[in-house]
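Excluded from the calculations below are hydrogen atoms, water molecules and symmetry mates; all remaining heavy atoms, backbone and side chain alike, are included. Protein chains get the first letters and strands the later ones, always in sequence-line order, with residue 1 at the start of each.
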Amino acid sequence: MEVTYKVHREDSQNGGESSFSTYQVDLPEDATVLDGLQKIRDEQDDTLAFRASCCQGTCGECAVRINYKAQFTCTTRIADVTKKGPEILCAPVRNIPVIKDLVFDMDRFTWDKMAAMKPWMEPDDEFAPTENLVPESEMAEVRKTMTCYQCGLCDEGCAVLPVDFDFLGPGAMVKGYRFVMDPRETGPRQEERLAVVEQPKGLWDCVHCYEANGKCARGLEPSSKIMEMRDVSFKHGIKNEKVARHHNSFINSVKQTGWLDERKLVMETEGLTNIGGLMKLLPTAVRAMTRGKMPGRHEKRPGADQIKRIIEKAEESK
Amino acid sequence: MPEYDVLVIGGGAAGLRASIAAKRAGASVALLSKVHPLRTNSALSPGGVNAPLGSDDSAQKFADDIMNAGDGLCNPEAVNALAAEAAGEVVWLERVGVPFNRDGDGRIDRRALGSGSVERAAYADDRTGHMVLHVLHEQFQRYDIPCFKEWFVTSLIQDAGACTGAVALDHRSGRIETFSAGAVILATGGFIQAYRPCTAAVGTTGDGLALGYDLGVGLADMEMVQFHPTVYSAGRTALISEAALSAGARLVNAAGDTVVDAAGLSRAQLAAAVDKAGRNGGGPVSLDLRPVENVASRFPGAAEVVRLMAGLDITQVPVPVRPVAHRAMGGLDTNASGETSVAGLFAVGECAHSGVHGAGRMPGNTLTEAVVFGKRVGEAAAAHAQSAGTRSTSTDQAARDGERLAAITSGGSSGDTLGTIHRELGDVMHANLGVTRTDAGLAEAQETIRGLRDRHGKLRVGNKSRIFNYALTSHLELGNMLKLAEAVALAARGRNESRGAHQRSDSPERDDTSWKAHTVVHQQDGAPKLDRKAVSA
Amino acid sequence: MKYAFYPGCVAKGGCPELYTAAVKVAEKLDIELEEMADVACTGAGCMPTQLSDPINARTFAKAEQMGLPIMTICSTCQGVFSQANHRLQDTDYREEINREYLAEEGLSYQGTTEVKHMLWVLFEDLGVEKLKSLIQRPLDGLKVSPFYGCFLRRPGPIMVPTKEVGGRRGYLEDLTRLLGAENVDISGKTKCCGFPVLTANEESSLGMVAKHAGESKQNGADCMVTPCPLCHLNLDGNQPRAESLKGEKINLPIVHLPQLLGLALGFDADEMQLGKHIVSTKAVNDKVDMLT
Ligand SMILES: Cc1cc2nc3c(=O)[nH]c(=O)nc-3n(C[C@H](O)[C@H](O)[C@H](O)COP(=O)(O)OP(=O)(O)OC[C@H]3O[C@@H](n4cnc5c(N)ncnc54)[C@H](O)[C@@H]3O)c2cc1C
Ligand code: SF4
Ligand code: SF4
Ligand code: SF4
Ligand code: FES
């Protein structure tokens, strides 16, 4: 079938604006988007740059935005992306510096962030003569997480990255999760792992928008994994101080009155000694008051005693 | 000029393992790879990694089985090393994180790869290569080894007979750089992309073999090319591990009757049987995975790759399969420490021929080879570098490579394309250097390959940039494959007997009087020359 | 039609105008509300599930006793409730929570409580026809940017569980048009508003405000409408700070879902307490005034 490729072109090292090139390509009905790109490079334009390696959806190398959705070129069929018209738009994944055409800066996008997870084990008994004994059910969970290709598709959908590129992103968090949840890394090792994922720009910067859940080609639900790690972190004692204050304040408020005291929350989170933080919040507070928006007196709700009982019991069992 | 004790070229399982070992041995190490390590071929292997871990198994039994599968061409020293060190390596892999499947006692579970074989493969679902590669890359990061990823090595450097470095093109900056090293390890993988279809990643183009061959190292047993018996292949490929056969999958015809009984067959025999059954008129052979209990959860990788590539659901329908070129056993001639005939140059993994596979590789032995020999060779290279005297690494080669690349990107179009030549090469390799061969077919293949080399020599790349110029590197890769294809054809023609993966219908018998020997191809005045080398006792 | 009404903390705290508007609008729509007074905050995704699941099970059990479905007016409440309710469909887990936490109070949750955001109630229970019949002042010419935020949409399998309610992905746009207003699309309408990250990473939070509000403004919107008071707190309350961070004026009014609805049902800006917002809604008020 005859299709039109419209492909993003850019050569950042040599400056110049980005543009699009258009190619007419005749391909078999069941061809993939990658087949077409390869044909273009071979027959029409050998300056076109795009990445690929395994060509069978196994390595994670070929992510491209096809018709506005980031996916693997090697597993995406042209028939599936031309249902609404014969044009196939190929652009680099979003929020990331482009090096050449569809080739983007994987170092900054993924590799450096993965490395920030200190992603390796250093067991004391590394050279023991026999393996660790682990129940299969627990190992199966780790295996599932480890199917992550480190492809970055989930990062592409993240809500935070467009506004804060240094956020480590869901892909790196999944890598962190793989260690936090590994039954071979318990006790102090797990504490260290949690400290790593809780680093600034890490676990607590996620806005739990759940975008990433729908993006992973291996169905790893990165957003849910982040929330799960937060639960674990809470159990072990949150290591990010500011977040810990926020949590305690939140939980105490609900514990004391059944609901949330926003005013107190803001103050306690910033920390009473944190003058700078308070000053920043002041303008909002002043504006809020002049408009009658400042939360009113915070009263204890009926049922608050039961709520307190439940929370305290749940806290004990952690 | 960047300088290291040990320079590792290739970031697959073998290269990563070698880097870690060299670093642990106290050497300064850097790794160069034309793709990021996690994107290499090693990520694709589903089946498993062999090690005699069971109480019913032993290094001796393992060694015996390898020797058997090797059909007379194994180097016992290499085999014994592999058999003796496999268990230790697999246990280490587990200790540093590979999430191997467990048995009821929580120990590493093992399974058979191919029916009738011993349960000896440790596995992580059917994504063993992926898991092993990712963990090796983790460990590689732990040792903080510089990784020059997306650097394409164009030449090795020789000084006073010894290899003292390499020249590489950085895809990102377009720069050509000389690296100086006390020892160079080639871990560049195989050349199976010379076949069409094939199971491997696009970069499996034999660059390392060509680099060593150009320096004078011999290519051993190049005719031994393994076909994988159970691969879906129609435009694109999807490999299903033979572990499925041991788990109860059946090879059936269109009517659903079993056409091949896999029990007790070696991989080569199985491939031949599937090939033959496919030609028997009963329609295409299919792998029926439905009899496998919990097939979707036991073979998630197969389920995924077949869904993506074939659009089929393994739990619902049989998958058409045929033997597809998979893994070369031939490679740079080395000893059991990875040393080549050039001082300071080592080779390991799929690009190397240590004699560990002989004429027939056991499924699951490549990953084992990559880690066991990766460690051995990494350590040997570190020792060599540390004991070697002063060296000189000249930048002349880099200048010559610059000119060579410039020549490829100058001049007009010949009307040909890289893709066309590559396809024609792949087709002739598949047809004439496939599961069964004949002298006439081999002669024809030699002829065709020569013609393709001529056409390739005339072909120019229009893109003059050096930044992510994949057309340029493809040109180099295709040149390498053509060079190696010539060696394969020559060796295959020379070996007028049938043995292991090399089956000749015109000489169907194994001939131990003339051919209990390795073929070794050397380059002489730009042409391949075939020698015979005795198998060590 | 009757619901156990769960207004949430923010509607009773930082966004009192939302509470007022919701109650007035519900009355006009013949939706009877019985406010749940003795139940806890949902946890807002800020409490670990270990603490929040038991207290939410308690809330559901109370509604079950009342024999009523729950209606929320906060996407965050809705999201946390939906996920908790999803987990509590597991009998073992639910029984454990009943035993450990609820039994002492004589409560037990059977897993039957339905929880719906007001936006869903409008389309799925009240119905488009009924709604249409009650519109007194079509918002002709008003340009509105719908902003869902995260929690009403994701995780998809829980928030939009079946094909039948697949329309949930477009309710806000549908409603905007239904009320006679013009729909102005922005790329981030289902993205995060930034509120959840305000304490951990203020700059990125404000960056999100600037991005969404700025884009709406650029696309010609008179205002944004949101079903979530937390989105409102950030988009409205922090808009001035986002402006100073970016060094550009945005000045885009943000209205709560019931407020927009209320304007079309004939309430005036004062009744909907538009004056309580941080960003002045004068532009909206003026346009709506012209319609009457
Ligand atoms: C689909 C499939 C399934 C398989 N299944 C199994 C199995 O179940 N069990 C098993 O044991 N084996 C299996 N194998 C074989 C096994 O995966 C490979 O033989 C093995 O991974 C090779 O590892 P390697 O490290 O030698 O090379 P590779 O993994 O191929 O790595 C080669 C490296 O060299 C680099 N390189 C190459 N040329 C250059 C250059 N010019 N410049 C710079 N860098 C270069 C590449 O970038 C790459 O990093 C399978 C192979 C395939 C394709
Ligand atoms: S849930 Fe968190 S990490 Fe995931 S996409 Fe949203 S903001 Fe990013
Ligand atoms: S979690 Fe999924 S989408 Fe994200 S990097 Fe891993 S495989 Fe890719
Ligand atoms: S989630 Fe929010 S608005 Fe909902 S009840 Fe709790 S703090 Fe209040
Ligand atoms: S090329 Fe490997 S996933 Fe597409």
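Each of B/His171, B/Arg24, B/His137 has some count of heavy-atom pairs under 4.5 Å with chain A, and the biggest count is that of B/Arg24. When A/Leu133, A/Leu48, A/Asp46 are compared by the number of non-hydrogen pairs under 4.5 Å with chain B, A/Asp46 comes out ahead. Note on A/Arg77, A/Lys118, A/Met114, A/Glu138: by heavy-atom pairs under 4.5 Å with chain B, the leading option is A/Arg77. Counting heavy-atom pairs under 4.5 Å between each of B/Arg127, B/Met131, B/His36 and chain A puts B/His36 at the top. Ranked by heavy-atom pairs shorter than 4.5 Å toward chain A, the options B/Leu44, B/Val305, B/Val35, B/Asn41 are led by B/Leu44. The most heavy-atom pairs under 4.5 Å with chain A, out of B/Ala201, B/Ser465, B/Gly203, B/Ser474, come from B/Ala201.
Within the 4.5 Å cutoff, the side chain of B/Ile145 has heavy atoms near those of the B/Lys23 side chain.
Here B/Phe299 pairs with nothing under the ring-ring contact (aromatic ring centres under 6.0 Å, His included) rule; sequence neighbours left out.
Within residues 101-111 of chain A, the residues having any heavy atom closer than 4.5 Å to a heavy atom of chain B are A/Val103, A/Asp105, A/Met106, A/Asp107, A/Trp111, listed by residue number. Scanning residues 124-132 of chain A against chain B with a 4.5 Å heavy-atom cutoff picks out A/Asp125, A/Glu126, A/Phe127, A/Ala128, A/Pro129, A/Thr130, A/Glu131, A/Asn132, ordered by number. By a heavy-atom distance cut of under 4.5 Å, A/Lys175, A/Arg178, A/Phe179, A/Arg184 are the residues of residues 171-187 of chain A near chain B, going up by number.
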From CA spacing to verdict: side chain to side chain contact (heavy atoms under 4.5 Å, CB included), A/Arg9, A/Ser18:
CA-CA 6 Å; A/Arg9 304 306 302 274; A/Ser18 64; over 6 Å; no
Check the pair A/Val93 / A/Glu156 against side chain to side chain contact (heavy atoms under 4.5 Å, CB included), numbers first and verdict last.
CA-CA 6 Å; A/Val93 296; A/Glu156 213 261 354; 3.5 Å; yes
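Using modelled atom types and a 3.5 Å distance limit, the side chains of A/Trp120 and A/Glu122 yield a donor-acceptor pair. With 3.5 Å as the limit, one finds no donor-acceptor pair spanning the side chains of A/Gln38 and A/Arg41. B/Thr199 and B/His326 are linked by a side-chain donor-acceptor pair at a separation below 3.5 angstrom, with hydrogens and angles left out of the test. Checked by atom type, the side-chain pair A/Arg143/B/Asn101 shows a donor-acceptor distance below 3.5 Å. A donor-acceptor contact closer than 3.5 angstrom links the side chains of B/Thr420 and B/Thr417.
Among all heavy-atom pairs drawn from B/Leu312 and B/Pro320, the shortest one is CD1-CD, 3.7 Å.
Contact annotation for A/Pro119: both backbone and side-chain heavy atoms come within less than 4.5 Å of a heavy atom of chain B. In this structure, the portions of A/Thr32 lying under 4.5 Å from any heavy atom of chain B include both its backbone and its side chain. Proximity to chain B is limited to the side chain of A/Asp35, based on heavy atoms less than 4.5 angstrom apart. Contact annotation for A/Ser137: neither backbone nor side-chain heavy atoms come within less than 4.5 Å of a heavy atom of chain B.
When the options B/Asn469, B/Leu459, B/Val461 are evaluated for a side-chain contact (heavy atoms from CB on, under 4.5 Å) with B/Ile408, the one that passes is B/Val461.
In this structure, CG on B/Leu93 lies 8.5 Å from CD1 on B/Ile108, to the nearest 0.5 angstrom. For the atom pair B/His228 NE2 and B/Thr237 OG1, the distance stands at 11.0 Å (nearest 0.5 Å).
Under the 6.0 Å cut-off for aromatic ring centres, B/Tyr470 and B/Phe152 do not qualify, their centroids lying 6.0 Å or more apart.
A/Phe165 carries A/Lys113 over the face of its six-membered ring, with the cationic atom under 6.0 Å from the centre and within 45° of the normal.
When atom types are taken as modelled, the side chain of A/Gln150 and the backbone of B/His134 share no donor-acceptor pair closer than 3.5 angstrom. Although no hydrogens or angles enter the test, the distance criterion places no donor-acceptor pair under 3.5 Å between the side chain of B/Thr204 and the main chain of B/Ile192.
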